[in-house]
> 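Input: one structure, supplied below.
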Amino acid sequence: MKKLNIGIVGLGRLGKEYVKNLTYLVPNAHMIAACSIKKEELEYVKDTYNVPNLYSSYEQMLDQQKDMEAVVIVTSTDQHADQIIKAVEAGYHVFCEKPLALNIEDCIRVEKIVAKHADRITMLGFVRRFDASYADAKTKINQGLVGTPYLLRSQTVDKDTFAPFQIEFCTTGGGIFHDYNVHDIDLAHWYLGSRIEKVWALGGAYRFPEFGLAGDADNTAAMCELQNGTMAIVLASRISSFGHNTCTEIFATEGNLKIGDPPVKNMLQISDKYGIRREGMETFFDRFQAAFLTQIQSFVDHVLEKRQPELTMNNATNATLVATALTKSFKEKKPITIADLIS
Ligand SMILES: NC(=O)c1ccc[n+]([C@@H]2O[C@H](COP(=O)([O-])OP(=O)(O)OC[C@H]3O[C@@H](n4cnc5c(N)ncnc54)[C@H](O)[C@@H]3O)[C@@H](O)[C@H]2O)c1
């Protein structure tokens, strides 16, 4: 079996999961190199997954790892644009975690370079598209099962666990709209078959004032209007008391599709002196672990079969554009028309 030689950059919370998947669970992948600026992360992947070639410099990995064919980028978001460009220009196929970048200028820079090197396979990781239930909803819409969708209500909600790294993430990850809602935005574009053109976002730091001091929020709500007249309502929260609670509802002319609600851990129902209940999930890993594997398997297959993925860089640019508009609307406390951001 032909195996794709892969190097990874970024070995944090999510990067380690990619190394695990690429080492053990993607049969046509060969994990040959890893890069991080943190020594302890390099030691971890060497000891745990036996990754043979380790780098503390991304440029060195691109330059020296001659047998590498593809790069998987799981660094903080502020690094994505430059790292994609460097990899594509150096001749590698690229998978990069969402979002593409934190501003529209960087997205356009990437799009231009990617267009110039169309022989390289490039993929942005919007993991929900690879979740079995989200993918099934798309199939049902395409089949016309519920008629024409006109409203999407979608939320990204994490468990109430404050950690100092989340404040750092407000800077490197662009804040709650770029980090959380970029998923919901992409779903709105995907399911409603159009692009968001106008937004109005509200929010606040209701539970953790630290997010407010960092110019961000722990809870947000936004209304969005799409070019084809459909609507989206997107919510985000960092303070769910019972666990991760990402879910989506699609309202259509002949029915509704609901994904991930209630956000239960499994099929177990507990009946005892406290009543009848089901357990929730701790983190996004619990909810999307299988989808992360399906997604990276899909990237490897696309490279080996020399096919570009369905989701384009332009789709990723559009998601960042809307996340930027939501952030501006929240900060300036007024509705924003997307066209005004790019004119
Ligand atoms: N799809 C999802 O649901 C999902 C979930 C979590 C994170 N993410 C995305 O994944 C990315 C990483 O998130 P995380 O939670 O793993 O972050 P993290 O902070 O835990 O890890 C970031 C990693 O990048 C490395 N790094 C940063 N700059 C570098 C550089 N210049 N060269 C080499 N290594 C560098 C750090 O050392 C660290 O290993 C983010 O873009 C985030 O948006 C997506």
Side-chain angles (χ1 to χ4, degrees), residues 7-21 33-46 51 54-63 65 71-87 94-102 106 123-131 134 154-159 161 163-187 236 238 244-246 248 260 281-296 298-299 311 316 319-320 323:
I8 185 169
V9 59
L11 302 169
R13 280 188 316 160
L14 193 52
K16 292 189 187 79
E17 180 76 5
Y18 276 95
V19 177
K20 183 190 81 186
N21 285 339
C35 170
S36 171
I37 46 178
K38 293 185 184 155
K39 198 166 163 250
E40 66 275 16
E41 293 178 348
L42 290 170
E43 278 165 12
Y44 178 85
V45 296
K46 183 166 189 253
V51 181
L54 304 175
Y55 295 88
S56 55
S57 155
Y58 179 60
E59 289 73 19
Q60 263 178 24
M61 182 172 82
L62 296 183
D63 194 42
Q65 194 63 47
V71 176
V72 169
I73 298 172
V74 199
T75 47
S76 42
T77 303
D78 56 353
Q79 304 294 313
H80 291 182
D82 284 343
Q83 290 183 339
I84 294 171
I85 288 172
K86 283 178 186 170
V94 178
F95 171 88
C96 180
E97 252 303 328
K98 66 80 195 159
L100 172 51
L102 297 177
D106 279 349
M123 177 166 164
L124 245 286
F126 281 89
V127 71
R128 286 189 209 167
R129 291 193 184 208
F130 292 88
D131 173 74
Y134 278 96
S154 189
Q155 67 181 45
T156 302
V157 171
D158 268 347
K159 196 172 179 190
T161 42
F165 81 83
Q166 289 174 311
I167 294 296
E168 189 191 325
F169 241 70
C170 293
T171 314
T172 59
I176 196 164
F177 297 104
H178 285 281
D179 199 26
Y180 284 46
N181 282 136
V182 78
H183 288 292
D184 307 291
I185 296 163
D186 179 59
L187 292 178
R238 304 179 188 272
H244 184 78
N245 182 16
T246 283
T248 300
M281 287 170 288
E282 284 292 307
T283 69
F284 69 91
F285 277 126
D286 304 318
R287 174 66 183 86
F288 292 108
Q289 194 164 33
F292 279 112
L293 175 58
T294 308
Q295 175 174 254
I296 200 64
S298 170
F299 169 68
L311 187 140
T320 288

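Just the heavy atoms: all of them, side chains too, but no hydrogens, waters or symmetry mates, feed the values below. Residues take their numbers from the sequence shown, with the count starting at 1. For ligands, and for the atoms within them, numbers begin at 1 and follow the listed sequence.
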> Give yes if a backbone or side-chain nitrogen or oxygen of Glu41 is under 3.5 Å from a nitrogen or oxygen of ligand 1, and no if not.
yes
> What protein heavy atom sits nearest atom 6 (C) of ligand 1, and how far away is it?
Phe284 CZ, 3.4 Å
> Report yes if the side chains of Phe284 and Val127 come closer than 4.5 Å at any heavy-atom pair, otherwise no.
no
> Could you pull out the closest heavy-atom pair between Glu41 and Ser36, with the gap in Å?
OE1-OG, 2.7 Å
> Could you list the atoms of ligand 1 found under 4.0 angstrom from a heavy atom of Ser76?
22 (C), 24 (O), 27 (C)
> Heavy atoms only: which of Lys98, His80, Arg13 is nearest to atom 15 (O) of ligand 1?
Arg13
> Side chain or backbone, does Phe169 bring an N or O within less than 3.5 Å of an N or O on ligand 1?
no
> Hey, are the side chains of Asp158 and Tyr180 touching, using non-hydrogen atoms and a 4.5 Å cut-off?
yes
> Answer yes when Asp186 and Arg129 have at least one side-chain N-carboxylate O distance shorter than 4.0 Å, and no when they do not.
yes
> Who's the nearest protein heavy-atom neighbour of atom 21 (O) of ligand 1, and how far?
Gly12 CA, 3.3 Å
> With a 4.5 Å limit on heavy-atom distance, are the side chains of Tyr58 and Val71 in contact?
yes
> What pair of heavy atoms forms the shortest contact from Asn21 to Phe292, and how long is it?
ND2-C, 4.2 Å
> Quick one: does NZ or CZ of Arg13 land under 6.0 Å from the six-membered ring centre of Phe169, within 45 degrees of the ring axis?
yes
> Which class fits the ring pair His244 and Phe288: parallel under 30°, tilted 30 to 60°, perpendicular over 60°?
perpendicular
> Would you call Lys20-Glu17 a salt bridge at under 4.0 Å N-O?
yes
> Determine, using heavy atoms of Arg128 and all atoms of ligand 1, whether some pair is separated by less than 4.0 Å.
no
> Relative to atom 32 (N) of ligand 1, which among Gln83, Lys39, Glu40, Glu59 owns the nearest non-hydrogen atom?
Gln83
> Please identify which atoms of ligand 1 are closer than 4.0 Å to at least one heavy atom of Gly10.
23 (C), 24 (O), 25 (C), 39 (O)
> To which protein heavy atom is atom 29 (C) of ligand 1 closest, and what is the distance rounded to 0.1 Å?
Ile37 CD1, 3.8 Å
> When only distance counts, is Leu14 in polar contact with ligand 1, meaning an N/O pair under 3.5 Å?
yes
> With respect to atom 24 (O) of ligand 1, which of Thr75, Thr156, Val45, Thr246 exhibits the smallest heavy-atom separation?
Thr75
> So for ligand 1, is Phe292 a polar contact partner (N or O within less than 3.5 Å, distance only)?
no
> With Asp184, which residues qualify under side chain to side chain donor-acceptor pair (under 3.5 Å), at least two apart?
Arg128, Ser154, Thr156, Asn181
> Which atoms from ligand 1 have a heavy atom of Asp179 less than 4.0 Å away?
43 (O)
> Tell me which one of Thr172, Val74, Leu102 gets a heavy atom nearest to atom 12 (C) of ligand 1.
Val74
> Any idea which protein heavy atom is nearest atom 33 (C) of ligand 1, and the distance to it?
Val9 CG2, 3.5 Å
> Please name all residues satisfying side chain to side chain donor-acceptor pair (under 3.5 Å) with Asp82, sequence neighbours left out, ordered by chain then number.
Arg109
> Among His183, Gln79, Gln295, which one puts a heavy atom closest to atom 31 (N) of ligand 1?
Gln79
> How close do Ala34 and Leu42 get, counting heavy atoms only, and between which atoms?
O-CD2, 3.7 Å
> Quick check on contacts: which atoms of ligand 1 are under 4.0 angstrom from a heavy atom of Thr77?
40 (C), 41 (O), 43 (O)
> Do you know which two heavy atoms are closest between Thr161 and Gln166, and how far apart they sit?
O-OE1, 3.0 Å
> May I ask you to list the atoms of ligand 1 that are less than 4.0 angstrom from any heavy atom of Pro99?
43 (O)
> Considering non-hydrogen atoms of the protein only, which is the closest contact for atom 37 (O) of ligand 1, and what is the distance?
Ser36 OG, 3.0 Å
> What part of Phe288, side chain, backbone, both or neither, has a heavy atom within less than 4.0 angstrom of ligand 1?
neither
> Tell me the nearest of Lys16, Gln166, Glu97, Glu17 to atom 10 (O) of ligand 1, using heavy-atom distances.
Glu97
